[in-house]
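Encoded as structure tokens, the structure appears first; notes follow it.
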Amino acid sequence: MTSDIRHKKMLTIDAKNVDFYYSEFHALKNINIEVEKNKVVALIGPSGCGKSTFLRLLNRMNDLIDGTRMTGSVLIEGKDIYAPNIHVDELRKEVGMVFQKPNPFPKSIFENVAYGLRVNGIKDKTFIEERVIESIKSAALWNEVKDKLNKSAFALSGGQQQRLCIARALAISPKVLLMDEPASALDPISTSKIEELIYELKKDYTIMIVTHNMQQASRVSDKTAYFYLGEMIEYDDTIKIFTNPTELSTQNYITGRFG
Amino acid sequence: MKRFFEKLVEGALLISGSITSITILLIVIFLFKEASGLFNSPVIEDGYVLAFNKDNPVKKLSSYQIKQIFDGAITNWDEVGGKEEPIEVVRLSDLTKYYTEAELGANFENIPAKASELTAKHPGIILFLPNSYIAKNFDGTLLKHETLRPGDFFGGKEWYPTASPSPQYGLLPLLLGTLWVSLGAILLSLPFGIAVAVYLAEISTMRVRNFLKPVIELLAGIPSVVYGFFGLVVIVPFLQKTFQLPVGETGLAGSIVLAIMALPTIITVAEDAMRNVPRAMKEASLALGATQWQTIYRVVIPYAKSGITSAAVLGIGRAIGETMAVLMVTGNAAVIPHTLLEPVRTIPATIAAELGEASAGGGHYQALFALGCILFIITMIISISVEFISSKKYSK
Ligand SMILES: Nc1ncnc2c1ncn2[C@@H]1O[C@H](COP(=O)(O)OP(=O)(O)OP(=O)(O)O)[C@@H](O)[C@H]1O
Ligand SMILES: [Mg+2]
């Protein structure tokens, strides 16, 4: 990669020579990726190629799995997130995550969104209330839930639950938003709502999204990274990847000719 | 052919299932039947009668009143609803104070006549005699057919089955002893149990857990005498020294031993409940910047709440029914406990200790069965509440 660019401009995400192991299994091999502020990056590639693994490295979610090991470095806004002086919980407030399956807490809609604020030690009721409403609005969920904020989050549909999880992640104002197949369990209407949402969120956040849906990747992202068997085969502007990929493997994958 | 086998297996299962259910039902019926005789049993010892002067307006006395009269706690008839008149307690052996041995006869053949005479002459008398010494034409009131009242059992403050002339079958000291010891046990074991469960489920590494969990489960299988023995040689002397007690065998010793015994159950059940908290819930919390502790008390414990409650209730159940260990360390004084630093006696310990010496069919025997019924009802309430709590888990 061109190292002079890095010096001119602070990158939001900068992964260098990342290798990752689940015990003996070498899941990521020498990954290098640079993401600028307010860009959307799509991670694509066949199942098991390491997309989720890479995403979970960026908020150190993989720390929770016993026996994992990482080499290389990941900088977020210039800070090495694997440095010993980093507090993992502080990092996760900066790097929000939306999971593949909606996972609201068994609490009310309001409390779900307020959770991140509360664990941050925020007690100011009016601030929490404003922030919760704002986040639900940003997640394009407000009209559907405004009358039932005290109802259980489990009473929402799958698509609504996923947008609630997005609202929950937005409430603590992260800088980066990681989304692991956020629309894979949803119907086309919910999916398009989430895509519109990503487009809106781009103004304020840097987003990295994993998807199996090529149209989705081409619609929402500025840049696309293609992963295959733990390696990053190609990383370029989305338009380039989808119209004129350098690698044959990439072309085969996006055209569905993948074997 | 296959169908036939299926039918056969089905039939066998049905038969064994119904036989088991019927057996259990019969045991319960037997328990209650034996106990029900209690309120038909006489308030005074079998084969004896109490006699009063026939002008004495008192015709009935409760078991506890009789005991107090003979203990000298009640000395005047007006205290039990009679006239102002001092009570004069006379037992068989006291007759020699009123009559010479010659008057009573060489073979005591004159006792019936003299007893009748004495009763007629003394207005304040209460005479306690074997049935056989009561003459046909006895001149006085006989308290013969009085039976135990429910209040004497359920509200009775003393358990003293060998008291003469009126055995005391008061439930309260034993019930309170049981509840105190169990409550103490649960207050001790619940915080520790939940702490260990949290540690095992959320904090320890896989290797530590895989070692500790089977060890803890093994502890549940140790016979209770062993725990009792441990309590007797370690906890009892320890308590005696630390609290400067006259005796170390106290309710607290029982609570501690029971707490240790209940711990494996509480830990195992609570830990299972916490491990059933979906990984996605914990990850959601951590991904929002919550620390591990915040995740534990804001997500894991609330999510596992019903399981933890079941753990507590099962622990209480174990504590309430436990016999041997408690019998060994609590001192077994059947008095209403005021603090946990006094000797107490529990229901199961009482049954175990006394059933051997109670004659079948007698009042004491029936009273012990009634205690068994009380225990049965308590444990039934506990299991119903477990059922209720765990069914709530699925309806949410
Ligand atoms: N906890 C784990 N322990 C061991 N190996 C794992 C673990 N999680 C993932 N792997 C392995 O790492 C590789 C990459 O997994 P990952 O979940 O990152 O794939 P993915 O690209 O997200 O796939 P998908 O599109 O199916 O979600 C796979 O081969 C998987 O088997
Ligand atoms: Mg994945």
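Per chain, numbering begins at 1; letters A, B, ... match sequence-line order.
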Q) Under a 4.5 Å heavy-atom cut-off, does chain A meet the side chain of Ser285(B), its backbone, both or neither? A) both
Q | Arg69(A) to Tyr22(A) six-membered ring, cation-pi geometry met (6.0 Å, 45°) | A | no
Q) Looking just at side-chain N and O atoms, do Gln292(B) and Glu202(B) make a donor-acceptor pair shorter than 3.5 Å? A) no
Q) Using non-hydrogen atoms only, which part of Lys107(A) is less than 4.5 Å away from chain B: side chain, backbone, both, or neither? A) side chain
Q.
What part of Phe99(A) gets within 4.5 angstrom of chain B, counting heavy atoms only: side chain, backbone, both, or neither?
A. side chain
Q) Would you say Lys51(A)'s side chain and Gly45(A)'s backbone share a donor-acceptor pair under 3.5 angstrom? A) yes
Q: Report the option among Glu90(A), Arg118(A), His87(A), Arg60(A) that has the most heavy-atom pairs separated by less than 4.5 Å from atoms of chain B.
A: Arg118(A)
Q.
Need one label for Leu64(A): side chain, backbone, both or neither, based on atoms under 4.5 Å from any heavy atom in chain B.
A. both
Q) Side chain, backbone, both or neither: which part of Pro174(A) has a heavy atom under 4.5 Å from chain B? A) neither
Q. In terms of heavy-atom pairs under 4.5 Å, which option from Leu117(A), Val98(A), Val119(A) contacts chain B the most?
A. Val119(A)
Q | Residues Glu134(A) and Lys137(A) bridged, charged N to O under 4.0 Å | A | no
Q) Can you find a side-chain donor-acceptor pair between Asn38(A) and Lys203(A) that sits under 3.5 Å? A) no
Q) When you check the side-chain N and O atoms of Thr211(A) and Gln216(A), is any donor under 3.5 Å from an acceptor? A) yes
